[in-house]
2 protein chains.
Amino acid sequence: MTPRHSPDPSTDTKTALLDAAERLFARDGIAESSLRAITSKAGANLASVNYHFGSKEGLVRAVFARRLEPLNRQRLGSLEKCLEQGQGVTDLHCLLQAFVQPAMTMMRSQDAGDREFVKLLGQTLFGPSVELRSTLFEEFREVGERFTSELGRALPGVPRKEIIWRFHFMVGALAHTVAARTTVSHQLECLNLKEDDDTEVITNRLVSFLLSGWEGLATAPTSTKEPEE
Amino acid sequence: MTPRHSPDPSTDTKTALLDAAERLFARDGIAESSLRAITSKAGANLASVNYHFGSKEGLVRAVFARRLEPLNRQRLGSLEKCLEQGQGVTDLHCLLQAFVQPAMTMMRSQDAGDREFVKLLGQTLFGPSVELRSTLFEEFREVGERFTSELGRALPGVPRKEIIWRFHFMVGALAHTVAARTTVSHQLECLNLKEDDDTEVITNRLVSFLLSGWEGLATAPTSTKEPEE
DNA sequence: GTCTATAGGTGGATAGAC
DNA sequence: GTCTATCCACCTATAGAC
């Protein structure tokens, strides 16, 4: 008996709750999704959330933890590959790709859960809840530090503070791309431009844009008339 | 008598409600801010919101409308100045500055309401509420169209679809910068880098980054090994 | 216009049977 | 582990006195 690793139906209830919550959170927001709606969609009982996760907040945290860890590992793994390939010289383009691509792939994943999740992640990153953001920040910490560190090494002339700002510009551009994709599609439709690009094309657009920004070859002086240092 | 344009205290109640709502929305989120908390903070009665704005949704819309119109006008005004100065040639840097600076100035305005508002705006842009986002989209439409149009003229070789994507990258970077400034400050503190930059410096960082991205001089090929076209 | 009081509904959480 | 029934806090909105 028990032919699978997770034989008991309790696990299934747990993941059903996670799936339903993830979906409703992404669609309606966390505060707007009631436990009643979540358990109903999951085909579970109202009390099951409290049993399995202790509280709604516990459920929220579990939703994020489930997919954040794989995302982080993928990013860090790609970063390591960049370093191996680079053999000393750090390849900026490879680093940006390593950071951007995992999120973009999730955006167009076959798994609907992945798609819902990145939308949710983007929303939450900009959301008002302080405690939730600091939870996310904690989970993201290692990735952020590894990437800013390597990006700094790839751009020796750029001070650390500037690196961090550029990193945040990048996070914003990426988050908006994955979270507000619906808006973009809508806008393109209004202009009779069908949005037929696949993940790779959009990723390349974004990475190219970011790469230029990071390389900073623009003719932008510090002030309107001041020359560059 | 009635020595001012807005003599009756009803106007004051109205703006007090708007101020309180704006602040609480930005701090706790819209769904999380109850009318009780808002009216209490405004020193008004619970029923006053329904009297002055019809419903909570009416209040929300009024909060956005109040500051969105000046922001739009400032952006469009700056854009017109760019066109006048340029005398035919469209200055990309000027356009980006015209789009970015008004929001950044609000971020560090002396008026606390301005600061709260941009935070709220950034949050809502990424939020889940469909109807609210489409309201914002409608209010933003003219600005978006004018800017993408002029940006396209400033970059004759770039197809319209690419312009729109880059515009969204820019919006994301800007929104994250104004909405998550707290996060950035926190991160900089953790690294013992005091975040003492004034608005102008941060704006210049962002505009430089974006300018490079828009100019697109990066050495990013379409694929990992393909040469540029 | 402002206020009190309350209706009418939904939220998260729990007790206790099964 | 699952379910029903229920508690109680809180929400928005409104009716009606002042």
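Since we're looking at a predicted model, the values are computed, not measured. Naming: A, B, ... by sequence-line order, numbering from 1 per chain. The basis for the numbers below is simple: all heavy atoms, side chains too, and nothing from hydrogens, waters or symmetry mates.
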field: Short side-chain N/O contact from Asn50(B) to OP1 or OP2 of dT14(D), under 4.0 Å
entry: yes

message: Looking at Arg67(B), I'd like to know if its CZ atom is crowded, meaning that more than 12 non-hydrogen atoms belonging to other residues, nucleotides or ligands lie closer than 6.0 Å.
response: yes

query: Are any side-chain N or O atoms of Thr124(A) and backbone N or O atoms of Gly127(A), one a donor and one an acceptor, separated by less than 3.5 Å?
result: no

- prompt: How long is the gap from CG on Leu211(A) to CG on Leu95(A), to the nearest 0.5 Å?
  reply: 10.5 Å

- line: Ile38(A) CD1 to dG12(C) P, in whole Å, measures 7 Å

Which nucleotide in dT2(D), dA13(D), dG11(C) has an atom nearest any side-chain atom of Ser34(A): dG11(C)

- request: Taking only heavy atoms on the protein side, list every residue of residues 17-31 of chain A lying under 4.0 Å from any atom of DNA chain D, sorted numerically.
  value: none

message: Can you identify which nucleotide, out of dT2(C), dT2(D), dG12(C), has its nearest atom closest to the Tyr51(B) side chain?
response: dT2(C)

field: Interatomic distance where CZ belongs to Phe53(A) and P belongs to dG12(C) [whole Å]
entry: 15 Å

- prompt: Which listed nucleotide (dG12(C), dA13(C), dT2(D)) is nearest to the side chain of Ser55(A)?
  reply: dA13(C)

- request: Starting at atom CG of Leu46(B), determine the distance to atom P of dT4(C), rounded to an integer number of angstrom.
  value: 10 Å

query: Whole Å only: how far is the CG atom of Leu59(B) from the P atom of dC11(D)?
result: 15 Å

query: Taking only N and O in the side chain of Asn45(B), is any of them less than 4.0 Å away from OP1 or OP2 of dT4(C)?
result: yes

query: Got a salt bridge between Arg153(A) and Glu150(A), using NZ or NE/NH1/NH2 to carboxylate O under 4.0 Å?
result: yes

Using a 3.5 Å cut-off and no angle test, enumerate the donor-acceptor pairs between side-chain atoms of residues 74-82 of chain A and protein atoms at least two apart in sequence or in another chain.
from: Arg75(A); atom 1: NE; to: Phe99(A); atom 2: O; distance (Å): 2.9
from: Arg75(A); atom 1: NH2; to: Phe99(A); atom 2: O; distance (Å): 3.2
from: Ser78(A); atom 1: OG; to: Gln74(A); atom 2: O; distance (Å): 3.1
from: Glu80(A); atom 1: OE2; to: Arg146(A); atom 2: NH2; distance (Å): 2.8

- line: Testing dA5(C), dG11(C), dC3(C) for proximity to the side chain of Ala47(B), the answer is dC3(C)

task: For Thr39(A), report the nucleic acid contact type (base, sugar-phosphate, nothing); a contact means any heavy atom under 4.0 Å.
output: nothing

query: Between Arg36(A) (CZ) and dC3(D) (P), how many Å, whole number?
result: 16 Å

- request: Inspect the contact between Glu116(B) and Lys119(B) and indicate whether a charged nitrogen and a carboxylate oxygen are less than 4.0 angstrom apart.
  value: no

- line: Which of dC3(D), dT2(D), dT6(C) is nearest the side chain of His52(A)? It is dT2(D)

message: Quick check: His176(A) with Phe169(B) (ring centres under 6.0 Å apart)?
response: no

message: Looking at dG1(C), I'd like to know if its phosphate oxygens (OP1 or OP2) sit under 4.0 Å from a side-chain N or O belonging to Ser48(B).
response: no

